[in-house]
Asker: 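This structure is in structure tokens; I'll ask about it shortly.
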2 protein chains.
Amino acid sequence: MAAYPAFAVTVDVVALTIRDEVLHVLLVRRGGEPFAGRWALPGGFTRVEEDLEDAAHRELAEECRVTRDDLRLEQLRTYGAPGRDPRPERVVSVAWLALGAHLPEPTAGTDAAEARWWPVEEALAMPLAFDHHQILTDGLERARAKLEYTTLATSFCPREFTLRDLRHVYETVWGSTLDRSNFQRKVLGTEGFVEDTGRYAEGRRGRPARLYRAAAGEGTVLHPPLLRG
Amino acid sequence: MAAYPAFAVTVDVVALTIRDEVLHVLLVRRGGEPFAGRWALPGGFTRVEEDLEDAAHRELAEECRVTRDDLRLEQLRTYGAPGRDPRPERVVSVAWLALGAHLPEPTAGTDAAEARWWPVEEALAMPLAFDHHQILTDGLERARAKLEYTTLATSFCPREFTLRDLRHVYETVWGSTLDRSNFQRKVLGTEGFVEDTGRYAEGRRGRPARLYRAAAGEGTVLHPPLLRG
DNA sequence: AAAATAGTGTCTCTGAGACATTATTGA
DNA sequence: TCAATAATGTCTCAGAGACACTATTTT
């Protein structure tokens, strides 16, 4: 068959989690060129016989020991402008969005000198490697938008959570506040959003809150959606 | 620098248009192996110094003479499962969604034995090359979903159109009917959707309908959205 | 008891859905 | 005049937003 141009295919992951009521993104400091010393999204070359989603999981696992069940991964977009990577070969990157509840502290991996969770506001304010500022911006917008019309917010919560926890996810990701009782009415009135566990949260002040879990068959669509203030 | 696995990167385009009140997709019959003789989405290898979006435009132009202004192109998703292309090299495809108003009849291009517009129902019922059935399904779902919460529907309309034309876009893509007056109220009441041209449609029976054009700065978000029946 | 938090109820207003009425054209 | 189509108005109901009230716990 005819010759075809050879490309390098990488994956980059926008991993988001909530820590101390603040939205954080996982960044690694690059050990090698190009952009040595700069902070970047975790990622790397896809292997020849590896599925793209597997590559994203692998790169994430190399920085931060998380099992596949601890997070939700969805494809974000592919970035392939010529020159987006200064190296001579053409590099196309398939970006992924990963969401999880209080993901563990990262462990410096193979390629990275250092890795840590950054508050997204700080991450956006510093110079990132490649076009990762754009990828991060796109990932944040995707996450914010999907909270509106899907039950994605439960991905940021542990297996059992209170409605207060879930509301804090919205408030943290959107940066706005929501009326407590209207939120409650909306969530409980939506089929396929949460299920009552029958148990109650302990160790907090005030009346104990009911514990819920994400309804089975996640990924439900909200009709009508839950709109941002 | 370290060696990296070499991939082939292709683009595939789900081009949708409305002809005779039916949603159509552009397919080409493959001239060469693999899948010779099968119908497939238009697409091909990205050139080494070519932007991905430019490659999608080029492949589309090779089948169907359309200028960039005649259609709206947006990235759909990237398909990269090992084995999705039977050839020995690993092929990753960046899929695009192209929408336009009554796009012209295709001209058989370089790679294709034949090219034509197919009603989407028929296209879904026949065996397509590669994973193009999946890509087409994803493209249709994306188009249907985006009609709900954006002003994307105007992409299916010519430069000037009546509200009847616009409503037919929704009805054709969604396969449902919408109340005429409620639709009118919603569209006209949404800032940034359509602009009155001050002129009227001619050559139809009954009272002439006002002509509108898509509002400048397209891509507006509908808040709240226009929901499917 | 007081503070804190959870859970529930109520009022209002916007907007969607159903459908009726009026307006303007061609046959 | 009639048929066809466009444009506009009205009624009702669901749901969002604002906010009040009750319930249950810790300090």
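So you know, we letter chains A, B, ... as the sequences are listed, proteins then strands, and number each from 1.
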Asker: Taking OP1 and OP2 of C:dG15, is either one under 4.0 Å from a side-chain nitrogen or oxygen of B:K186?
Answerer: no
Asker: Within this structure, what is the CD-to-C1' distance between B:E202 and D:dA6, rounded to whole angstrom?
Answerer: 16 Å
Asker: Hey, what do you get for CZ (B:R77) to CG (B:L97), rounding to the nearest 0.5 Å?
Answerer: 14.0 Å
Asker: Nearest-Å distance, CG (B:L227) to C1' (C:dG17)?
Answerer: 12 Å
Asker: Show, in sequence, the C-alpha distance, side-chain angles and deciding distance for A:R19 and A:E105, and conclude whether the salt bridge (Lys or Arg N to Asp or Glu O under 4.0 Å) test is met.
Answerer: CA-CA 11 Å; A:R19 318 189 123 228; A:E105 280 297 336; 2.8 Å; yes
Asker: Please write out each protein N/O paired with an N/O of nucleotides 8-12 of chain C under 3.5 Å, distance rounded to 0.1 Å.
Answerer:
{"residue": "C:dG9", "atom": "O6", "partner": "A:S181", "partner atom": "OG", "Å": "3.0"}

Asker: Not counting sequence neighbours, list each pair that qualifies as a ring-ring contact (aromatic ring centres under 6.0 Å, His included) and has a residue in residues 181-203 of chain B.
Answerer: B:Y170-B:F183
Asker: Take the protein atom CG of A:L178 and the nucleotide atom C1' of D:dA18, then report the distance between them rounded to whole Å.
Answerer: 13 Å
Asker: Considering only heavy atoms from C-beta outward, does the side chain of A:V14 approach that of A:L41 to under 4.5 Å?
Answerer: yes
Asker: Could you check whether atom CZ of A:R159 has more than 12 heavy atoms from other residues, nucleotides or ligands sitting under 6.0 Å from it?
Answerer: no
Asker: Using five pairs at either end of the helix from C:dA1-D:dT27 to C:dA27-D:dT1, determine the angle between the two local helix axes and round it to 10 degrees.
Answerer: 10°
Asker: How many Å lie between CG on B:D196 and P on D:dA6, as a whole number?
Answerer: 15 Å
Asker: Rounded to whole Å, please give me the gap between CD in B:E148 and P in C:dG15.
Answerer: 18 Å
Asker: What integer distance in Å separates A:L211:CG from C:dT5:C1'?
Answerer: 14 Å
Asker: Which distance, rounded to the nearest 0.5 Å, do you find between the CG of B:L16 and the CZ of B:R72?
Answerer: 13.5 Å
Asker: What side-chain donor-acceptor pairs closer than 3.5 Å can you find for residues 115-126 of chain B, not counting sequence neighbours?
Answerer:
{"residue": "B:W117", "atom": "NE1", "partner": "B:P104", "partner atom": "O", "Å": "3.0"}

Asker: How does protein reach along nucleotides 22-27 of chain C, written 5' to 3' as B (base within reach of a heavy atom under 4.0 Å), S (only sugar-phosphate), or - (no contact)?
Answerer: -BBB--
Asker: Please list residues of residues 157-164 of chain A whose heavy atoms come under 4.0 Å from any atom in DNA chain C, ordered by number; otherwise none.
Answerer: A:R164
Asker: Could you tell me how far apart A:R199 (CZ) and D:dT24 (P) are, to the nearest whole angstrom?
Answerer: 20 Å
Asker: What is the distance, to the nearest angstrom, from the CZ atom on B:F183 to the P atom on C:dA18?
Answerer: 15 Å
Asker: Measure the CD-OH distance between B:E160 and B:Y212 for me, rounded to the nearest 0.5 Å.
Answerer: 12.0 Å
Asker: Take A:D12 and A:Y79 through the side chain to side chain donor-acceptor pair (under 3.5 Å) test and state the conclusion after the steps.
Answerer: CA-CA 10 Å; A:D12 286 307; A:Y79 299 82; over 6 Å; no
